[in-house]
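Presented below is the structure to which this report refers.
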Amino acid sequence: MPKPKDEIKEKTEGSESITFRIGKTVMGELREEAEQKMESVNTLVNQIIKSYLQWHKPARKAGLGYVSKVLMAKSINHLTDEQVIQMTQEFCSNELKDITFMLRSENTFSSFMDGLCSWLDASGYNYRIDRVNDIDTYIIQFDLGRNWSLYFKTQMQLVFEYYNIKNAETKMTDNTVILNIKRES
């Protein structure tokens, strides 16, 4: 079986071996999950640890928690467009910078986008990044309704403004947000 990319990358970066005792039930679940993903248990365990260190641990310290996606969608869909935009502006001006510092220990656009991708991964949102010529296109499918798309689109417009990203645009549908960001040469 060919080695997964993460495993190859890990060997070139250097790695360390360690032994853990894991209960049989947990180990069985890990093996089953690895088989479903068509990757090794080693790769899966590394992904779990990386996810904990890059998202779950700092997110808890930043005051972020888990909320039902259905509850979020139903709550935000009761608001008017103006209320969604006002809520987003207040959140971004009061909280977003602190959360970014807690997640990545620096406040740069790059660290923000890295944290965003970690959040998308940890939350299970479908997304992809297309890099064509000098434009990065993030296509994020939330499936939480129009108001959530409006919230996220507005947040990203404020993020672009805050980090002085001039060549970026946001688009939305009822369930998807598209970010087009021109890379600096």
Side-chain angles (χ1 to χ4, degrees), residues 33 36-37 44 47-132 135-184:
E33 178 77 8
Q36 287 174 0
K37 289 183 165 186
L44 179 61
Q47 290 170 355
I48 292 167
I49 293 169
K50 185 177 179 183
S51 175
Y52 172 77
L53 293 173
Q54 289 185 345
W55 176 254
H56 298 283
K57 179 183 172 189
R60 186 179 64 230
K61 289 180 179 180
L64 302 175
Y66 299 98
V67 177
S68 163
K69 292 176 186 178
V70 173
L71 176 63
M72 267 186 354
K74 284 185 178 194
S75 298
I76 200 166
N77 283 324
H78 286 290
L79 302 175
T80 65
D81 286 3
E82 293 77 23
Q83 289 172 318
V84 170
I85 291 168
Q86 181 182 357
M87 176 187 72
T88 308
Q89 290 170 334
E90 289 173 8
F91 173 76
C92 287
S93 67
N94 297 327
E95 308 293 331
L96 197 58
K97 187 184 342 176
D98 294 335
I99 290 171
T100 302
F101 270 122
M102 287 302 293
L103 292 176
R104 291 295 180 263
S105 74
E106 63 179 2
N107 188 16
T108 64
F109 181 67
S110 177
S111 66
F112 176 87
M113 293 305 288
D114 182 57
L116 172 65
C117 289
S118 292
W119 171 68
L120 292 169
D121 287 334
S123 300
Y125 293 117
N126 294 316
Y127 75 100
R128 74 171 202 258
I129 304 168
D130 295 333
R131 291 185 167 93
V132 178
I135 296 182
D136 293 341
T137 300
Y138 292 73
I139 302 163
I140 308 163
Q141 185 177 12
F142 289 109
D143 288 330
L144 293 173
R146 183 187 178 285
N147 280 5
W148 180 264
S149 291
L150 177 60
Y151 162 78
F152 192 78
K153 175 185 178 215
T154 304
Q155 176 180 296
M156 290 310 300
Q157 289 170 329
L158 293 167
V159 164
F160 294 149
E161 185 180 303
Y162 174 78
Y163 289 108
N164 202 27
I165 306 299
K166 301 277 188 221
N167 298 316
E169 68 174 359
T170 59
K171 299 177 192 171
M172 65 173 253
T173 69
D174 285 349
N175 292 299
T176 302
V177 176
I178 301 164
L179 311 172
N180 290 307
I181 307 164
K182 185 171 182 176
R183 286 189 300 273
E184 298 288 321

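As a basis for the values below, the full set of heavy atoms in this structure was taken, side chains included, without hydrogen atoms, waters or symmetry mates.
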Write down the atom of [X], the atom of [Y], and the distance for their closest heavy-atom approach.
X: P58; Y: Y52; result: CD-O, 3.9 Å
X: R104; Y: Q54; result: NH1-O, 2.8 Å
X: N147; Y: I76; result: ND2-O, 2.9 Å
X: R146; Y: N77; result: N-OD1, 4.2 Å
X: V67; Y: L71; result: CG1-CD2, 4.1 Å

May I ask you to decide if [Y]'s main-chain N or O and [X]'s side chain share a donor-acceptor pair within less than 3.5 Å?
X: S51; Y: Q47; answer: no
X: R128; Y: T137; answer: no
X: N175; Y: G145; answer: yes
X: S149; Y: T173; answer: yes
X: S68; Y: V70; answer: yes
X: S123; Y: L120; answer: no
X: K69; Y: D143; answer: no

Give, for atom [atom1] of [X] and atom [atom2] of [Y], the distance between the pair rounded to the nearest 0.5 Å.
X: D98; Y: E95; atom1: CG; atom2: CD; result: 6.5 Å
X: K50; Y: D121; atom1: NZ; atom2: CG; result: 9.0 Å
X: Q157; Y: I165; atom1: CD; atom2: CD1; result: 14.0 Å
X: K171; Y: I139; atom1: NZ; atom2: CD1; result: 9.5 Å
X: Q141; Y: I178; atom1: CD; atom2: CD1; result: 10.5 Å
X: Y162; Y: Q155; atom1: OH; atom2: CD; result: 13.5 Å

Check the orientation of W119 and F142. Use parallel for under 30°, tilted for 30 to 60°, and perpendicular for over 60°.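 Rings of W119 and F142: tilted, 30 to 60°.
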Which word best sums up how the rings of F112 and F109 line up, parallel for under 30°, tilted for 30 to 60°, or perpendicular for over 60°?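 If you compare the ring of F112 with that of F109, the planes turn out parallel.
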What I'd like to find out is whether the side chain of [X] reaches to under 4.5 Å of the side chain of [Y], using heavy atoms alone.
X: V84; Y: Q86; value: no
X: Y138; Y: M113; value: yes
X: M172; Y: Y151; value: no
X: T88; Y: L158; value: yes
X: L179; Y: Y127; value: no
X: F91; Y: T154; value: no
X: F152; Y: T170; value: no
X: C117; Y: I129; value: yes

Using the side chain to side chain contact (heavy atoms under 4.5 Å, CB included) rule, take Q83 and D81 through it: C-alpha gap first, then chi angles, then the decisive distance, then the call. CA-CA 5 Å; Q83 289 172 318; D81 286 3; over 6 Å; no
In chain order, what residues pass the side chain to side chain contact (heavy atoms under 4.5 Å, CB included) check against T108, with sequence neighbours excluded?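 Residues passing side chain to side chain contact (heavy atoms under 4.5 Å, CB included) with T108: E106, S110, S111.
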